[in-house]
Structures are given as C-alpha cells and as structure tokens.
> 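Questions regarding the structure given below will be posed in turn.
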Amino acid sequence: MSARKIIIDTDPGQDDAVAILLALASPEEIDVLGITAVAGNVPLSLTAKNALIVCELAGKPNVKVFAGCDRPMGRMLVTAEHVHGETGLNGPVLPEPQMALQEQHGVDFIIDTLRAHEAGTVTLCPLGPLTNIATAFEKAPDIIEKVQEIVLMGGAYFEVGNITPAAEFNIYVDPQAADIVFKSGVPLVVMPLDVTHKALVTKPRNEAFRALGTKAGVAVAEMTDFFERFDREKYGSDGAPLHDPCVTAYLINPELFSGRHINVEIETQSELTMGMTVADWWGVTDRAPNALFIGDLDADGFFSLLSERLARL
Ligand SMILES: [Ca+2]
C-alpha cells in the first residue's frame, strides 16, 4: 500500500509537535503534502513558527509550511498559554527556525492541493480549531467531495469539556467552523478527550522518550515534562495526555483504536454549552451517523509505536 497523502492542519502546541514528528517519521504510511498553521493554542504568528521549528527538529526542512487563518470565523480568539506556555512549545530549548513559511495562504494551499489531486486521495488531519478547513470549504465547496477523510482531534462525550465544563478546546475556539466540518458529509474520524485522556505519558513512558537520546526524543520528553505539571494539577492524572498524536497514530495503525460510528453535532448557540460535541453515543436519536467517534485505544501499543518512530529522527 502506498503512503497516505495528508495535510496536517495544526496549532502547535507540544502535543501537535509530537503528532507532526510521528507523521514525519513514518514515510511508509504517511506522505505529508504540507502543514497549515491556524490560530489556537497560541496566536498564528507563533503556531506558524512552531510548525517550522518542529519540521527542523525532525530533520525535514523541505516540508512546506503555510500560515492560515489568524482568528475564528465568528468569535474572538481564545488561546491556551495556561497549558502550553507563552510560546506554545515551552519545555525544550529549540533553535530559531531557518526555514521560511511558504507565501501562499494555508487555506488556498488546502484548496489547490485538493483540486490538484484525484478525488478520495487526500486526507485532512486537523489538530487545532477547524477554522482553516471550514474556510476552505466555504471558499471552494467543490473540494468537499474530493476529501478522502478528515481525521481530527477534538470534542468529547464522556469527558465533556476541558476549556469550559461543556466543551473541548479545539471545538470551543471555533464552533462555527466545527459545525461546517461536521455537517460537510466528509467521512470523519474524531479523537475526542474520551480517548486522548487514555494516552497518558506516564513517567516510564516519558523516560523511554528521553532514553532514545536523540534530539527529537529528548525534546518530546522535555515538552511533556512541561505540560504534565498542568495536567497533574488539573486532573490529578498520572501524566500528560498526548491528544494530537492519536490522529497520526490512527493513520499508521487504526487497529490501535476503537469507537462507534455515530451522529455528532456541534452546539453553536448557547453560551453555556458553546462548542459542545453532542455525540449520540447511545443511539438515542435517529440522526444519521456522520463520524467514527473513538472511545478507546491500546495505550501500550500507541506508546511503543511512538517511541519506535521517534527513534528514527
Ligand atoms: Ca493542537
């Protein structure tokens, strides 16, 4: 089987960084056509720069990186420095990037790439708010039916919310964009908090990253050291959840994950529950399924895949 062509849409973010490293370390399964940055965890100027830093950390300076939208479609930008630090990549000391951003806007790159490829051959992998994807769909509706699949991190059902009591961060930041994507008809695979909170970097798992002794392995260990403090205080958990790498791990080995094909709708009206993913996990409505909503993973398999691949960088 040839490598799956993907566009990574991202707001790095330490866990985005690990997701990107995993993709770039896995050329047999994943062909990264480009990376588009979006405002989210930190403002766009930083997410775009961080995407460059991560490509260089991976030793892949030829990856094309584009800046996309700098704010959500209909709301003020909400960021998460309280989780990720001022730069979004706090933890390791990484050099200023030598690579330059591409001149084209990230949204136009998404549109042109889908138009240039045969239908059903390009997968979109959003790891942040869905602003770039929804903006591309609004600007060029002809591309929607060309998308093979969208595999995204966002939402929650059993874990409910992490930025408000009702909403997960990526969906909350741009619920309007999420609504467009979830109603688009494109096959969706969703990695909600329900599964990502099971991908915990425990101490032995973090030591395994550090023990790789490579630049990337040590940087990943230092990144998780940084945001682990936040999660330990907030959830009292054993370690930090690696949200976004669930997306790229799924592309490499979907058998690590299990879920249900269900209807998922986005709350866009109520301020109290804004950005909630209303997931019909129990099948209590007759609304048509629109997403494979993941609920569980083989955590040990996930972390051994991650260590094995990071060792290559
Ligand atoms: Ca992210």
Side-chain angles (χ1 to χ4, degrees), residues 6-24 32 34-55 57-58 65-72 77-91 106 110 124-134 150-156 159 161-163 167-175 177-178 181 188-197 199 201 219-220 223-224 226-228 230-231 240-251 275 277 294 306:
I6 71 166
I7 296 173
I8 299 177
D9 186 65
T10 176
D11 63 337
Q14 291 91 347
D15 61 316
D16 300 73
V18 180
I20 295 167
L21 292 171
L22 177 59
L24 294 177
V32 180
I35 297 177
T36 52
V38 67
N41 286 325
V42 287
L44 179 68
S45 57
L46 288 170
T47 60
K49 178 181 168 187
N50 290 345
L52 298 174
I53 290 173
V54 174
C55 291
L57 176 62
V65 180
F66 302 80
C69 298
D70 66 357
R71 73 195 72 176
L77 177 64
V78 176
T79 53
E81 284 88 353
H82 62 293
V83 184
H84 300 276
E86 281 307 307
T87 71
L89 278 188
N90 285 47
I110 292 169
L124 303 178
C125 299
L127 310 176
L130 289 158
T131 319
N132 285 342
I133 309 298
I150 295 176
V151 185
L152 68 91
M153 190 276 138
E159 295 282 306
N162 63 352
I163 185 73
E168 178 278 331
F169 179 81
N170 287 344
I171 307 294
Y172 176 76
V173 171
D174 200 341
V181 169
L188 302 178
V189 179
V190 179
M191 295 292 168
L193 298 179
D194 307 344
V195 62
T196 67
H197 280 176
V201 190
V220 167
M223 285 182 211
T224 48
F226 180 83
F227 70 89
E228 187 189 344
F230 169 80
D231 287 286
L242 275 183
H243 305 283
D244 294 340
C246 289
V247 167
T248 39
Y250 177 86
L251 297 175
T277 43
I294 302 294
L306 202 46

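Whatever order the structure lists them in is the order used to number ligands and atoms, beginning at 1. We use all heavy atoms of the structure for the numbers below, so side chains are in, but hydrogens, waters and symmetry mates are not.
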> Whether the Thr87 and Asn90 side chains hold a donor-acceptor pair (N or O, under 3.5 Å, no angle test) is what I'd like checked.
yes

> Do His243 and Leu127 have side-chain heavy atoms sitting under 4.5 Å apart?
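Of all side-chain heavy-atom pairs linking Leu127 with His243, none is under 4.5 Å.
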
> Below 3.0 Å, any N, O or S contact between Leu127 and the Ca ion (ligand 1)?
yes

> Look at Asp15 and state whether any of its N, O or S atoms is less than 3.0 Å from the Ca ion (ligand 1).
no

> For the Ca ion (ligand 1), give me the closest N/O/S atom belonging to Asp244, just the atom name.
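Looking at Asp244, the N, O or S atom with the least distance to the Ca ion (ligand 1) is OD2.
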
> Just to verify, which of Leu21, Ile20, Leu22 counts as forming a side-chain contact (heavy atoms from CB on, under 4.5 Å) with Leu24?
Ile20

> If I consider every N, O or S atom in Asp11, which one ends up closest to the Ca ion (ligand 1)? I only need its name.
OD1

> Cys125 pairs by side-chain contact (heavy atoms from CB on, under 4.5 Å) with which of Leu251, Leu152, Asp9?
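Result: among Leu251, Leu152, Asp9, Leu251 is the only option passing the side-chain contact (heavy atoms from CB on, under 4.5 Å) with Cys125.
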
